[in-house]
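Remarks on the structure that follows.
Predicted model only: the values in this text are computed from it and were never measured. Just so it is clear, the values below take in all heavy atoms, side chains as well, and ignore hydrogens, waters and symmetry mates.
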Amino acid sequence: MAQETVNLEGEVVVAEDVGNARVATLNRPKQLNVISSTVVKLLAANLEKWEKDENAKLVIIKGAGRAFSAGGDLKMFYDGRNSKDSCLEVVYRMYWLCNHIHTYKKTTVALVHGISMGGGASLMAPMKFSVVTEKTVFATPEASIGFHTDCGFSYMLSRLPGRLGEYLGLTGARLNGKELVAAGLATHFVPLEKLPELEKHLLSLNTDDEAVVRSAIKEFSTDVQIDEESILKKQEIIDECFSKDSVSEIISSFEAEAGKEGNGWIVPVLKGLKRSSPTGLKVTLRSIREGRKQTLSECLKKEFRITINTLRMRISGDVYEGIRALTIDKDNSPKWDPPTLEKVEEEQVNLVFEPFEEDLELKVSENEQCRWDGKYEDSAYCHQ
């Protein structure tokens, strides 16, 4: 099957020219296609080349193996915890790339099977067309490990219906393929067995006409009906609880709802919320709320500041403790510091949102003529 193709030479991103189509395959299947510095560099270089290539009409991104992408390489972040700014370059490159994916000039299609989480999903949701299957699993679980909703998701989640964005960002709740289409985070649902055939058909189209591509995908797609127990059917409760001013009030409101008949689904979600990093929760809520009033570039610049300040442990080392507990020691018993929501002061939270000096901000060009400017190589960080 097409989605199981693995390049034997070990390239982490396999770039192919197929007629007038261009295909990028994330190729770290054993690591669930997590995003490393090399992955970001190769993706960005190919996408820039293809956007400028008059012969390239359609760009497809997919993942090898059983995942699309599980997001950022957590071990990379953890291993760099004692070296100042060891991951700054990959963060800069990734957020810079996110802007270009949102604003890409060619027709783009993401073929998304399996896990599509966090930063990995930032290669899915902004595409002109994002095709998901019954095996697709989406989540933004960053807050639970002391991090925050990044890679443009403070922009994207904040624009979902009602308070669904706050819910997904704070709880890390999972959505399946059909729910992604219903929520507007994907465009089409195609049964997994039809995905290779769809890809083959797309590669043969020889067009950049979005209407033609849309029609082609629609031939393979099925209409979406979400289950009655889907979280998307709980919008009224979500809006009521997750519109509260603070994380503490959200949890209190959610607890009150959990006691009502038929709301048993809330209990495990609450348990997860209470086990999450208090700092991560507070930062994530504020970032998504601010995102509602910010442009994409403002969100990405804000997320860059938060990430760098978080990795620098400006107010807490929770992100490293969260990664340790989840993926290194796997004891699932993180010791958060501060340990409770009450002990995370607003003044502390303010610190990770503070702007940097102008030359140290993420550079996102607003000028269409030089939209590929602002690369890491041209930044002040590269010349320090």
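A search for side-chain hydrogen bond (donor to acceptor under 3.5 Å, both in side chains) contacts involving S69 returns nothing, not counting sequence neighbours. Under the salt bridge (Lys or Arg N to Asp or Glu O under 4.0 Å) criterion, D79 pairs with K75, sequence neighbours left out. Residues forming a side-chain contact (heavy atoms from CB on, under 4.5 Å) with K375 (at least two apart in sequence, or on another chain): E48, W96, W372, E377, D378. Every residue meeting the side-chain hydrogen bond (donor to acceptor under 3.5 Å, both in side chains) condition with E249, not counting sequence neighbours, appears here in chain and number order: S246. Legend: residues meeting side-chain contact (heavy atoms from CB on, under 4.5 Å) with K363, ordered by chain and number and at least two apart, are Y92, E358, E361. With sequence neighbours excluded, the residues that form a side-chain hydrogen bond (donor to acceptor under 3.5 Å, both in side chains) with E240 are K244. With sequence neighbours excluded, the residues forming a side-chain hydrogen bond (donor to acceptor under 3.5 Å, both in side chains) with R312 are D85, listed by chain and number. Under the rule for a side-chain contact (heavy atoms from CB on, under 4.5 Å), the partners of D331 that lie at least two apart in sequence or sit in another chain are R324, A325, D329, S333. Under the salt bridge (Lys or Arg N to Asp or Glu O under 4.0 Å) criterion, K105 pairs with E368, not counting sequence neighbours. Take K233 and apply the salt bridge (Lys or Arg N to Asp or Glu O under 4.0 Å) test, not counting sequence neighbours, and it matches E228.
The CD1 atom of I60 lies 9.5 Å from the CH2 atom of W50; values are rounded to the nearest 0.5 Å.
Using a cut-off of 4.0 Å between Lys/Arg side-chain N and Asp/Glu carboxylate O, E298 and K293 are scored as not salt-bridged. Using a cut-off of 4.0 Å between Lys/Arg side-chain N and Asp/Glu carboxylate O, R22 and D53 are scored as salt-bridged. Salt-bridge check for K194 with E197: failed, with every basic side-chain N at 4.0 Å or more from each acidic carboxylate O.
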Using a 3.5 Å cut-off and no angle test, enumerate the donor-acceptor pairs between side-chain atoms of residues 164-176 and protein atoms at least two apart in sequence or in another chain.
unit_1: E166; atom_1: OE1; unit_2: R292; atom_2: NH2; d: 2.7
unit_1: E166; atom_1: OE2; unit_2: R163; atom_2: NH1; d: 2.8
unit_1: E166; atom_1: OE2; unit_2: R289; atom_2: NE; d: 2.8
unit_1: E166; atom_1: OE2; unit_2: R292; atom_2: NH1; d: 2.8
unit_1: E166; atom_1: OE2; unit_2: R292; atom_2: NH2; d: 3.4
unit_1: T171; atom_1: OG1; unit_2: Y167; atom_2: O; d: 2.6
unit_1: T171; atom_1: OG1; unit_2: A173; atom_2: N; d: 3.1
unit_1: N176; atom_1: OD1; unit_2: K178; atom_2: N; d: 3.2
unit_1: N176; atom_1: OD1; unit_2: E179; atom_2: N; d: 2.9

List the atom pairs, donor and acceptor, that lie under 3.5 Å between side-chain atoms in residues 269-283 and the rest of the protein, sequence neighbours left out.
unit_1: K274; atom_1: NZ; unit_2: E255; atom_2: OE2; d: 2.3
unit_1: R275; atom_1: NH2; unit_2: N332; atom_2: O; d: 2.8
unit_1: S276; atom_1: OG; unit_2: G272; atom_2: O; d: 2.9
unit_1: S277; atom_1: OG; unit_2: T279; atom_2: N; d: 3.3
unit_1: S277; atom_1: OG; unit_2: G280; atom_2: N; d: 2.9
unit_1: S277; atom_1: OG; unit_2: D318; atom_2: OD2; d: 2.8
unit_1: K282; atom_1: NZ; unit_2: L341; atom_2: O; d: 3.1
unit_1: K282; atom_1: NZ; unit_2: V344; atom_2: O; d: 2.9

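Using a 30° and 60° split on the angle between ring planes, F304 and F356 fall in the perpendicular class, above 60°.
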Report the C-alpha separation of F68 and H113 in whole Å, then their side-chain angles, then the decisive distance to 0.1 Å, and conclude whether the ring-ring contact (aromatic ring centres under 6.0 Å, His included) test is met. CA-CA 6 Å; F68 179 69; H113 66 285; 7.6 Å; no
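Side-chain contact, T307 with H148: a donor N or O sits under 3.5 Å from an acceptor N or O. A donor and an acceptor atom, one from each side chain of Y155 and T295, are nowhere located under 3.5 Å apart.
With a 4.5 Å cut-off on side-chain heavy atoms, V90 and M76 count as touching.
Ring-centre distance between F254 and F242: below the 6.0 Å cut-off.
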